[in-house]
Amino acid sequence: IDCNQQCAYTIGTDIKVSHRHIQLQEKEGRKYSSGVVVDDDTTVYLIPCDAEQILRLRFDFENTDENNNIRINLVGPLLFDGSNKFTPSSSYYQGDGCLYGLPQSAIGILRITPSSSDDDHVDVMHCGNELVACTQKFVSGHYCNGCIYGIPFRLSSSSVIKVIPAP
């Protein structure tokens, strides 16, 4: 949205998505649950909710052409954990240079290691056998003393999870 011109623009209409992703959109699900800004405010990662991959927006502020100053890519492996994969507003950029997303229905904790090139490393870290089958793991997360704490969702999970990023 350009507030000065009072106009709205769309970007990323050429992103290729899977047939399953289109079916999820038709069910009026939420594609992405949250976003995290990294790399000196030049890159944004959108964390999947119902979408099957992470969406990366990379801005080139030196390029003055409004139509060509952003690159949009789907990154990482396909995530087939169904809907509500990662908890809204629980994605964190940590001092170890990684982004973390707490699971809601996903099998584990999302970790993205950003790269200045296009080869980001994405993995899902196992969060314990007792939580894998749980469909509503965490409702939110909080950052404190260098760690991320996942707050249990209803009574589905009775455990708080603590993520200790690498030094």
So how far is it from [X] [atom1] to [Y] [atom2], rounded to the nearest 0.5 Å?
X      : Y      : atom1 : atom2 : result
Leu57  : Thr43  : CG    : OG1   : 9.0 Å
Asp120 : Cys98  : CG    : SG    : 10.5 Å
Lys85  : Gln104 : NZ    : CD    : 11.0 Å
Ser83  : Lys31  : OG    : NZ    : 15.5 Å

* **4.5 Å side-chain heavy-atom contact, Ile70 and Phe59** => yes

* **Side chain to side chain, Gln53 and Leu78, heavy atoms closer than 4.5 Å** => yes

Can you sort out the partners of [X] under side chain to side chain contact (heavy atoms under 4.5 Å, CB included), two or more places apart, ordered by chain and number?
X      : result
Asp118 : Arg56, Arg58, Arg71
Ser33  : Ile47, Cys49, Phe86, Pro88
Ile148 : Tyr92, Gln94, Tyr100, Leu102, Tyr143, Val163
Val122 : Ile54, Pro77, Leu110, Ile112

Closest heavy-atom pair and its distance - [X], [Y]:
X      : Y      : result
Ala106 : Pro103 : O-CB, 3.6 Å
Cys134 : Lys137 : O-NZ, 2.6 Å
Leu46  : Gly35  : CD2-CA, 3.8 Å
Cys127 : Ile161 : CB-CD1, 3.6 Å
Ser140 : Thr87  : N-CG2, 3.5 Å

* Of all residues at least two apart in sequence or in a different chain, which pass the salt bridge (Lys or Arg N to Asp or Glu O under 4.0 Å) check with Asp119? -> none

* To do: Report the C-alpha distance between Asn84 and Asp50 in whole Å, list the side-chain angles of each, state the deciding distance to 0.1 Å, and finish with yes or no for side-chain contact (heavy atoms from CB on, under 4.5 Å).
  => CA-CA 6 Å; Asn84 299 318; Asp50 294 339; 4.3 Å; yes

Applying side-chain hydrogen bond (donor to acceptor under 3.5 Å, both in side chains), can you list everything that pairs with [X], at least two apart in sequence or on another chain?
X      : value
Ser105 : none
Arg111 : Asp123
Asp81  : none
His126 : Asn129

* To do: Examine Ile164 and Ile109 and state if one hydrophobic cluster contains both, with Ile, Leu, Val, Met, Phe, Trp and Tyr joined whenever side-chain heavy atoms are less than 4.5 Å apart.
  => no

